[in-house]
Amino acid sequence: MYRYIIYNIAASVCALMLMSGCRDEADIFLPDEIEVSTPVYNSIKGFYLLNEGNMGSNKATLDYYDCSTGVYTRNIYGMANPAVPKEMGDVGNDIAIYGERLYAVINCSNKVEVMDARSARRIGQINIANCRYIRFHEGYAYITSYAGPVTIKPDYEQRGFVAKVDTATLEIVDTCLVGFQPDELEIADGKIYVANSGGYMVPNYENTVSVIDLQSFSEVRRIPVAVNLHHLRADHRGRLWVSSRGDYYTIPSRLYSIDISKEQACADYGIADRSLYIDSIDVAVSNFCIDGDSLYICSNQWSYASMDWEITYGIVDVASRRLLTRNFITDGSDRKITMPYAVKVNPITKDIYLTDSGNYVTPGTLWCFGQDGAAKWHVRTGDIPAHIAFCGTIND
C-alpha cells in the first residue's frame, strides 16, 4: 500500500504544476518521508494518522506509516489531491476505514472527506454541520453532529443529531435527534450509543448516553452517567466504556462502564438504580482504546491543587474493572512527552502508539512502545496528532 500511495503522490506532482492556481505556493504541503523502524509483515499493513490542527488554522493533515517498509510519510493528502483548494480543512476530528474508502471527519469545515483507502485520493465529501465522530454498520455510516455553530451558551437550544449516510452514494438518508453536543458513538446489540457532552453549555453540561434503536433509527431512551461525556467504546464482554471530562473545576474526569444487558433490564422494569449497571473507575481520561481485556488510557488533567498537569498512562482490566497501572511506560520515556493526546494499540503486534500534542500549535510527536512499555521509535507529526486508522485486517 505504501508504494501505491507514494506512486500516486509522485504522479500528482506534474498535475500540481499545472494547477498552481488552486493554492498559494506557501500553502502547499510537500510529503516528507522518514524511515523510523524495521519492516514488520502481517495483515496490518500500516495506518493513517489524522492531525487535528488548531481550530481556525485550516491545518488538518494526514500522515501514513507503512509497517512493511518502516517508513513514515507526513502530509500525504495535499500531494495526492493537488486540486483541492484548502486541503483537508479545519480540525480533523475522527478517521476510519470502511471497505475500500477512508473517511476523515473535519469538524469546523462541516464535512467528512471521503478518500480511496489505498491512495488517499479524494472521492467526495459528506456535508454535515459541526460533525464529530463516525461509525459504520451494514453499508451505512453513522456520524454525530453538534448541529449548531461553535459558541459557548448555557441555554444552547439546538440539540445534536446522528446522521445516517449511505456509503454507496454518500447521501444522508436520515437523521436522529439526540442530546446536546454529541461526541463519540458506538454500535452494539442492535443499538447506537451516543455520548452527549453539552460541551457548549458551560456550566450546564449534558450527562447522558443516548440509545438509538438501529431498526427504527429513533432515540428510545437516555442513560444518565456523568457530565460532559466524550469517548465511548464497547468491549467484548457486553459493556460500554465512556469517559467524562468533568467540569474542569470541581468535578474530575472519570471512566465509567455500563453493563448493556443489565441496563436494558432495568429500563424494561423501570428501575432507576444506576449502581446496578454502572461502575466508575477513579482515573482521568483524555483518550482511550480497548484491546482484548486491556483498556489503555492517556490523560492530561489540570489540577488546581498542584497547579500543574497530572499525566496518566493507565491500563484497566475490563474483566475485573480494575486499574492495573497508572503508567504503562516502563523506560522513562514519559519524561520526554509533553502532552499525551491519543492512544491506539496494534491488535496483532500489541505495539502501543501514543501521540504527544506538545504545545498544540507546532508539530507533535508519535511514539511507538512495545507491549513491555519500552519505546521503540518516535517521529515528528503534524499539529495535534490525534486519530489513527489501521489498514488491513486484525486476523493474520
Side-chain angles (χ1 to χ4, degrees), residues 132-133 135-138 142 144 159-162 176-198 205-247 251-297 299 314-325 345 347:
R132 300 292 292 178
Y133 290 91
R135 290 291 183 273
F136 301 91
H137 183 73
E138 295 184 350
Y142 295 90
T144 53
R159 286 169 58 187
F161 64 84
V162 176
C176 178
L177 285 176
V178 289
F180 292 95
Q181 289 85 63
D183 272 319
E184 198 159 42
L185 69 165
E186 183 65 286
I187 300 174
D189 276 354
K191 303 288 193 299
I192 304 173
Y193 296 88
V194 184
N196 299 308
S197 71
Y205 295 105
E206 267 267 27
N207 69 343
T208 64
V209 169
S210 285
V211 184
I212 298 173
D213 178 71
L214 259 176
Q215 186 171 2
S216 64
F217 197 54
S218 60
E219 185 187 49
V220 294
R221 64 183 179 279
R222 295 187 194 175
I223 307 169
V225 181
V227 301
N228 201 2
L229 301 178
H230 188 194
H231 292 293
L232 190 154
R233 310 275 166 75
D235 66 21
H236 66 105
R237 295 179 176 273
R239 295 190 186 93
L240 294 175
W241 294 83
V242 58
S243 63
S244 162
R245 301 180 181 96
D247 67 358
I251 303 175
S253 171
R254 286 290 181 272
L255 179 67
Y256 295 83
S257 70
I258 305 170
D259 189 311
I260 299 174
S261 61
K262 290 181 180 178
E263 187 278 328
Q264 178 68 63
C266 287
D268 290 344
Y269 288 98
I271 299 172
D273 186 356
R274 292 188 297 157
S275 66
L276 296 176
Y277 55 86
I278 295 182
D279 289 327
S280 66
I281 296 177
D282 183 15
V283 61
V285 180
S286 297
N287 209 327
F288 74 90
C289 71
I290 299 175
D291 180 67
D293 275 339
S294 296
L295 186 152
Y296 292 81
I297 293 168
S299 75
I315 300 178
V316 171
D317 176 58
V318 302
S320 63
R321 301 185 296 285
R322 292 189 303 111
L323 181 66
L324 303 180
T325 180
V345 175

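Note that the numbering runs from 1 along the sequence shown for the chain. All values derive from a computational prediction rather than experimental measurement.
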Angle between ring planes, His231 versus Phe288, binned at 30° and 60°: parallel, tilted or perpendicular?
perpendicular
Side chains of Cys289 and Arg233: closer than 4.5 Å at any heavy-atom pair?
yes
Distance-only side-chain donor-acceptor flag, Asp259 / Ser261, under 3.5 Å
yes
Heavy-atom nearest pair, Glu206 first then Gly179, reads OE2-CA, 3.2 Å
Tell me if a side-chain donor or acceptor on Ser253 pairs with a main-chain N or O of Val285 at a distance below 3.5 Å.
yes
Quick check for you: to the nearest 0.5 Å, what is the distance between Lys191 atom NZ and Gln215 atom CD?
9.5 Å
Do Leu185 and Val178 come close enough that some side-chain heavy atom pair is under 4.5 Å?
no
Measuring from Ile192:CD1 to Cys176:SG, what's the distance to the nearest 0.5 Å?
7.5 Å
Main-chain N/O of Leu229 paired with Arg245 side-chain donor or acceptor, under 3.5 Å
yes
Measure from the side-chain N and O atoms of Asn228 to the backbone N and O of Gly246, and report whether any donor-acceptor pair falls under 3.5 Å.
yes
Side-chain donor/acceptor of Asp235 to backbone N/O of Arg237, under 3.5 Å
yes
For the side chain of Glu263 and the backbone of Tyr277, is there at least one donor-acceptor N/O pair under 3.5 Å apart?
no
Between Val242 and Ala195, which heavy-atom pair has the shortest distance, and what is it?
CG2-CB, 4.2 Å
Any idea which heavy atoms bring Pro347 and Asp291 closest together, and the distance?
CA-OD1, 3.7 Å
Rounded distance [0.5 Å steps], CG in Leu323 versus CG in Leu255
9.0 Å
Looking only at non-hydrogen atoms, find the nearest pair between Cys266 and Leu276 and report the distance.
SG-CD1, 4.0 Å
From CD (Glu138) to CG (Leu214), nearest 0.5 Å
8.0 Å
Examine distances only and state if a side-chain atom of Ser244 and a backbone atom of Val227 form a donor-acceptor pair shorter than 3.5 Å.
yes
Nearest heavy atoms of Gly198 and Tyr205, plus distance in Å
O-CD2, 3.5 Å
Close side-chain approach of Tyr142 to Ile212, heavy-atom, < 4.5 Å:
no
Where the side chain of Arg132 meets the backbone of Thr144, is there a donor-acceptor pair that is under 3.5 Å apart?
no
Between CZ of Arg254 and CD1 of Ile281, what distance do you get to the nearest 0.5 Å?
11.0 Å
Correct closest heavy-atom pair for Arg321 and Asp279 would be NE-OD2, 2.6 Å
Flag, side chain of Arg274 to backbone of Val225, donor-acceptor distance under 3.5 Å:
yes
Is there side-chain contact between Tyr193 and Ile258, with at least one heavy-atom pair below 4.5 Å?
no
Is there a donor-acceptor pair under 3.5 Å between the side chain of Arg239 and the backbone N or O of Val318?
yes
One should read off an interatomic distance between Ile187 CD1 and Leu232 CG, to the nearest 0.5 angstrom, of 11.5 Å
If we only count heavy atoms from C-beta on, is the Tyr133 to His230 side-chain gap below 4.5 Å?
yes
Given Asn207, Val209, Thr208, Val211, the one that forms side-chain contact (heavy atoms from CB on, under 4.5 Å) with Arg222:
Thr208
